[in-house]
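Single-structure report; data block below.
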Amino acid sequence: MAVHNDLGKKGEQLAVKHLQQKGYTILATNWRYLKAEIDIIAQQGKNLVVVEVKTRSSDVISTPMEAVNPKKIKLLVTAANAYVVENNLDVEVRFDVVSIVKKGADFSIEHTQEAFLFF
């Protein structure tokens, strides 16, 4: 597996741990619908939280948050809608981004709630 794939998996593991420590219940990871993949689907209170995790080895060129482009947002919204319909849920949906940057042997984690509002 390529180094960037290993870094991405590590980032997703760190994001799951971070969310659990904040009281989120993890419902699914790497959930797929057509061409879309939702990194983490979680529940916080009455909210269904769709989480995109972006991990980088550096934030010099761009921040992880900047990597969530309109095409990715559209895919996430479509997949989230499919998840809600498939599971017959009556919930509010929120889209969050967890940005993780590797800094030496450590990682910084930034959690942006309501990163985009479309759903």
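Numbering starts at 1 and runs along the sequence shown. Here the structure is a predicted model, which is why all the values come from computation and not from measurement.
In terms of hydrophobic clustering, with Ile, Leu, Val, Met, Phe, Trp and Tyr side chains grouped at heavy-atom distances under 4.5 Å, Leu75 and Val85 are assigned to different clusters. Taken together through direct or relayed side-chain contacts under 4.5 Å among Ile, Leu, Val, Met, Phe, Trp and Tyr, Val98 and Ile26 form part of one hydrophobic cluster.
Within a 6.0 Å radius of NZ in Lys74, no more than 12 heavy atoms belonging to other residues, nucleotides or ligands are found.
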*Output, in order, the C-alpha distance, side-chain angles, deciding distance and verdict of salt bridge (charged side-chain N to carboxylate O under 4.0 Å, His left out) for Arg94 and Glu114.*
CA-CA 6 Å; Arg94 188 178 82 213; Glu114 296 184 11; 5.3 Å; no
_With side chain to side chain donor-acceptor pair (under 3.5 Å) as the criterion, how do Glu37 and Asn30 come out once you've worked through the C-alpha distance, each side chain's angles and the decisive distance to 0.1 Å?_
CA-CA 6 Å; Glu37 179 182 347; Asn30 304 113; 2.5 Å; yes
*Do Glu52 and Lys54 pass the salt bridge (charged side-chain N to carboxylate O under 4.0 Å, His left out) test, and can you show the C-alpha distance, the side-chain angles, and the key distance before you say yes or no?*
CA-CA 7 Å; Glu52 176 67 8; Lys54 289 296 181 188; 3.3 Å; yes
*Walk me through it: do Phe95 and Val77 pass the test side-chain contact (heavy atoms from CB on, under 4.5 Å)?*
CA-CA 9 Å; Phe95 295 90; Val77 170; 3.9 Å; yes
*asked:* Would Thr29 and Val16 count as a side-chain contact (heavy atoms from CB on, under 4.5 Å) here? Give the steps.
replied: CA-CA 9 Å; Thr29 58; Val16 164; 4.0 Å; yes
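The NZ atom of Lys9 lies 7.0 Å from the CD atom of Glu12; values are rounded to the nearest 0.5 Å. A distance of 12.5 Å separates CG in Leu76 from NZ in Lys71, rounded to the nearest 0.5 Å. Rounding to the nearest 0.5 Å gives a distance of 5.5 Å between CG of Leu14 and CZ of Phe107.
Residues satisfying the salt bridge (Lys or Arg N to Asp or Glu O under 4.0 Å) test with Glu110, not counting sequence neighbours, are none. Lys46 is linked by a side-chain contact (heavy atoms from CB on, under 4.5 Å) to nothing, counting only residues two or more places apart in sequence or in another chain. By the side-chain contact (heavy atoms from CB on, under 4.5 Å) test, Ala79 pairs with Trp31, Tyr33, Ala36, Ile38, sequence neighbours left out.
Residue Val53 is tested with Val97, Leu19, Ile100, Ile109 for a side-chain contact (heavy atoms from CB on, under 4.5 Å); the sole match is Ile100.
Side chain of Lys102 to main chain of Gly104: a donor-acceptor pair is present (N/O by atom type, distance under 3.5 Å, no hydrogens or angles). Under a 3.5 Å cut-off, the side chain of Asn87 and the backbone N or O of Tyr83 do form a donor-acceptor pair. Between the side chain of Gln43 and the main chain of Gly45, a donor-acceptor pair closer than 3.5 Å is present.
Residues Leu7 and Ser57 have side chains in contact (heavy-atom distance under 4.5 Å, counting atoms from C-beta outward). Counting heavy atoms from C-beta on, the side chains of Ile41 and Leu27 come closer than 4.5 Å. The closest side-chain heavy-atom distance from Val50 to Val93 is below 4.5 Å.
Relative orientation of the Tyr24 and His111 rings is tilted, given thresholds of 30° and 60° on the angle between their planes.
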